[in-house]
Asks: 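A single structure is presented below for examination.
These numbers come from the heavy atoms of this one structure, side chains and all, not from hydrogens, waters or symmetry mates. Sequential numbering from 1 along the given sequence is applied to the chain's residues. Since the structure is predicted, the reported quantities are computational estimates derived from the model, not experimental observations.
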Amino acid sequence: MSERPPSGEPSRASAARVGWPRLALALLVIVGLAAGAAYVFWTRPLLDEAALVELEREVDEAYVEARRVSCPRDVLRGEASEGDGTAVLREALAADGRFAACFALIEARSDEVDDALVWTANNDEDQPVGEAAGVDSPPVATGWEPMPSGRTASASRLSVEVDALVACEGLDHVVEAALQHASVCTPLPLGDEPASITPFVRVARGLALLARERIRQGHVREGFELLLDVVRLGDDLVRGRPALVGAMVGLAVRGIALVQLGGLTATELAWQPGDLESLERQSLVLVRTQSSPERWPADDGLTMVREGLEQRGWHPPAAVASELNPALPLGLSPEESELLLAGVAAWQPRLRAVCAGLPTREACVRAFEREAHAARGAAAADSPYVPLRLDHGALRRAAYRDEILPILPYLHHAAISEARVRALPVLFVHRRLAREGCPDASALGAAIASLPLAEGFGGAFSVLSSAQAARPLEVSAPAWLDPTSGSSGPVRLPVLDLYCPAFPMAGASPSDAVDATADTIDDAPHR
């Protein structure tokens, strides 16, 4: 007879029958818990409630502060007006205000207005920006280019100038009065960025037409002063707390005036004693008081995040709600919006600190470049908006990468625009020397050696001989602005082409000389 197991001990068969279900159940529990944990890990919010509240508070404070900052700077000439001129400037530029007919005319007949002005193929507003320019290949200024051959004056050009003088009468005086205040901030603060820069570019073109008319009437210095005011207008549009669109508006407005100044200075005009010296002093004020681009890259994230906050029920603070333009829809899904919020919350403090304490513009741009290159490898995904492929930390890093990389071309663009303004005093020094004959590179270089063109910029400006007989000299910005500066051979980044007076006309009127800039400057060949 076979032995039985002691009483109370299960048989092997019964143990197998009882143990496997328990083991299977335990495995199922473990797998379920793991799946649950994974689900919680992948679906947990990117921002907890405390972080979201903090981000909303930061946006509220930034929007309010943008409307209460002051922007003191020296005026270009004369006595400064008391108070802040921001509201005056905003009223002058209102699309539906006193000068609505002027702006509508410039908009509707923009091609004819362009014909009437010194034309450039490479002015600030035409330069590639953003991703189109390439992160490692920022836009390169090629100086003021003459009007292309075959583009000549027309009856319609003369017609639009006459019409503009009527429609825009008084615009120059109102803008001058606004800019004469001791403090002017951008009328396009955070939250109030325009959907398009076109209206502001048209304003600059209208003011350029009025400046040329002053010169035609023999008021040469006054005409040039208005063009310097347009440069100051562009500068003030960047001053204060603008985001990216507001900053780029200012750069485009600057470009319109710089083109006119370059072309008109090359003409034979009836300069009075002291005119050129006065304009040189005013242009040096522009150099000394240029607005800085350090803040708007970080501020730009606050504008971008508006849609995500509004989807969650955020409302702008009452102090600014009436001034806010509607947020431009970004077309993000809720998941993408949450990622954008998380990314901005993570990288804003870093962006705000990038340029802190740096002494030169070069150091600031280089610091942003280092941030961008470090962020380039932050995540392997083609897009940050793939929440099931990356953990949350990688998603935040990917959002940082995709936001900071496009900033670089804009920063280079702003630095090139700044270099053009810094070179502006050389125009008047060159024209003053040209009274005794066209100066060569060494003579002009010696004359501008003491000018503070490069202070805080990061390198010297050079005077170089040009291959073109019509414009024998050019001013090159420091090599660091050129994306090819590491290549062999001399680096040329011309920001200013210098023409000797191109149209000597004995007994000619100022009107003849001004018209020549739009008609015959194309005689100078292109590079």
Side-chain angles (χ1 to χ4, degrees), residues 76 116-120 122-123 141 143-147 207-216 218-232 254-287 419-441 443-444 447-448 451 453 461 463 466 468 470-475 494-505 508 510-524:
L76 299 186
L117 298 174
V118 177
W119 189 87
T120 175
N122 294 286
N123 62 36
W144 290 294
E145 294 289 350
M147 183 181 292
L207 290 169
L209 287 177
L210 294 174
R212 291 166 66 86
E213 179 60 20
R214 289 189 187 182
I215 297 173
R216 282 195 185 91
H219 306 296
V220 178
R221 180 173 54 82
E222 289 85 348
F224 274 82
E225 286 178 341
L226 178 55
L227 289 172
L228 292 180
D229 280 336
V230 179
V231 178
R232 167 53 62 85
R254 275 185 197 166
I256 298 295
L258 291 172
V259 169
Q260 304 309 307
L261 286 161
L264 287 168
T265 309
T267 65
E268 188 65 39
L269 297 171
W271 297 102
Q272 298 300 313
D275 281 355
L276 291 165
E277 291 81 358
S278 174
L279 294 170
E280 180 187 337
R281 287 193 298 271
Q282 293 177 48
S283 64
L284 285 170
V285 174
L286 283 171
V287 171
R420 288 180 169 183
V421 176
R422 284 176 181 262
L424 197 52
V426 184
L427 271 180
F428 305 112
V429 174
H430 176 268
R431 185 61 187 80
R432 176 164 48 80
L433 296 177
R435 291 168 172 166
E436 307 300 327
C438 202
D440 60 17
L444 181 59
I448 69 171
L451 296 180
L453 308 182
F461 284 67
V463 178
S466 168
Q468 300 298 333
R471 50 178 187 276
L473 299 179
E474 60 189 32
V475 177
V495 292
L496 181 62
D497 286 322
L498 296 170
Y499 303 78
C500 278
F503 313 108
M505 307 177 199
S511 178
D512 295 331
V514 174
D515 290 339
T517 65
D519 300 340
T520 59
I521 200 169
D522 61 311
D523 292 340

Asks: In Å and rounded to the nearest 0.5 Å, what is the CG to CG distance from L279 to L284?
Replies: 11.0 Å

Asks: Is the backbone N or O of L453 less than 3.5 Å from a side-chain atom of R422, with the two atoms forming a donor-acceptor pair by type?
Replies: yes

Asks: For L424 and V287: C-alpha separation, side-chain torsions, deciding distance, then whether side chain to side chain contact (heavy atoms under 4.5 Å, CB included) applies.
Replies: CA-CA 8 Å; L424 197 52; V287 171; 5.7 Å; no

Asks: Can a donor-acceptor pair be found, under 3.5 Å and without considering hydrogens, that links the side chain of S283 to the backbone of E280?
Replies: yes

Asks: Decide, yes or no, whether a salt bridge links E225 with R221 under the criterion of side-chain N to carboxylate O below 4.0 Å.
Replies: yes

Asks: For the residue pair L433 and A443, what are the closest heavy atoms and their distance?
Replies: CD1-O, 4.4 Å

Asks: Angle class for the F224/F428 ring planes (parallel below 30°, perpendicular above 60°, tilted otherwise)?
Replies: perpendicular

Asks: Measure the shortest side-chain to side-chain distance between V429 and L451 over non-hydrogen atoms and say whether it is less than 4.5 angstrom.
Replies: yes

Asks: Can you measure from CD (Q260) to CG (L209) and round to the nearest 0.5 angstrom?
Replies: 8.0 Å

Asks: Looking at every heavy atom in both A208 and I256, which two are closest together, and how far apart are they?
Replies: CB-CG2, 4.5 Å

Asks: Look up atom CG in L264 and atom OH in Y499, then write down how far apart they are to the nearest 0.5 Å.
Replies: 11.5 Å

Asks: Would you give the length of the straight line joining atom CZ of R232 to atom CZ of R254, rounded to the nearest 0.5 angstrom?
Replies: 10.5 Å

Asks: Shortest non-hydrogen contact from L496 to A423?
Replies: CD2-O, 3.3 Å

Asks: Closer than 3.5 angstrom, by distance alone: can the side chain of R432 be matched with the main-chain N or O of L276 as a donor-acceptor pair?
Replies: no

Asks: Would you check if L228 and L261 make a side-chain contact, meaning some heavy-atom pair closer than 4.5 Å?
Replies: yes

Asks: Indicate the atoms forming the closest heavy-atom contact of R435 with Q272, along with that distance.
Replies: NH2-O, 4.4 Å

Asks: Could you measure the distance from the CD atom of E213 to the NE2 atom of H219? Nearest 0.5 Å is fine.
Replies: 9.5 Å

Asks: What closest approach, in Å, do I215 and V220 show between heavy atoms, and which atom pair accounts for it?
Replies: CG1-O, 4.0 Å

Asks: At their closest point, which heavy atom of L207 faces which heavy atom of L226, and how far apart are they?
Replies: O-CD2, 3.6 Å

Asks: For the CG atom of L444 and the CD atom of E474, what is their distance to the nearest 0.5 Å?
Replies: 12.0 Å

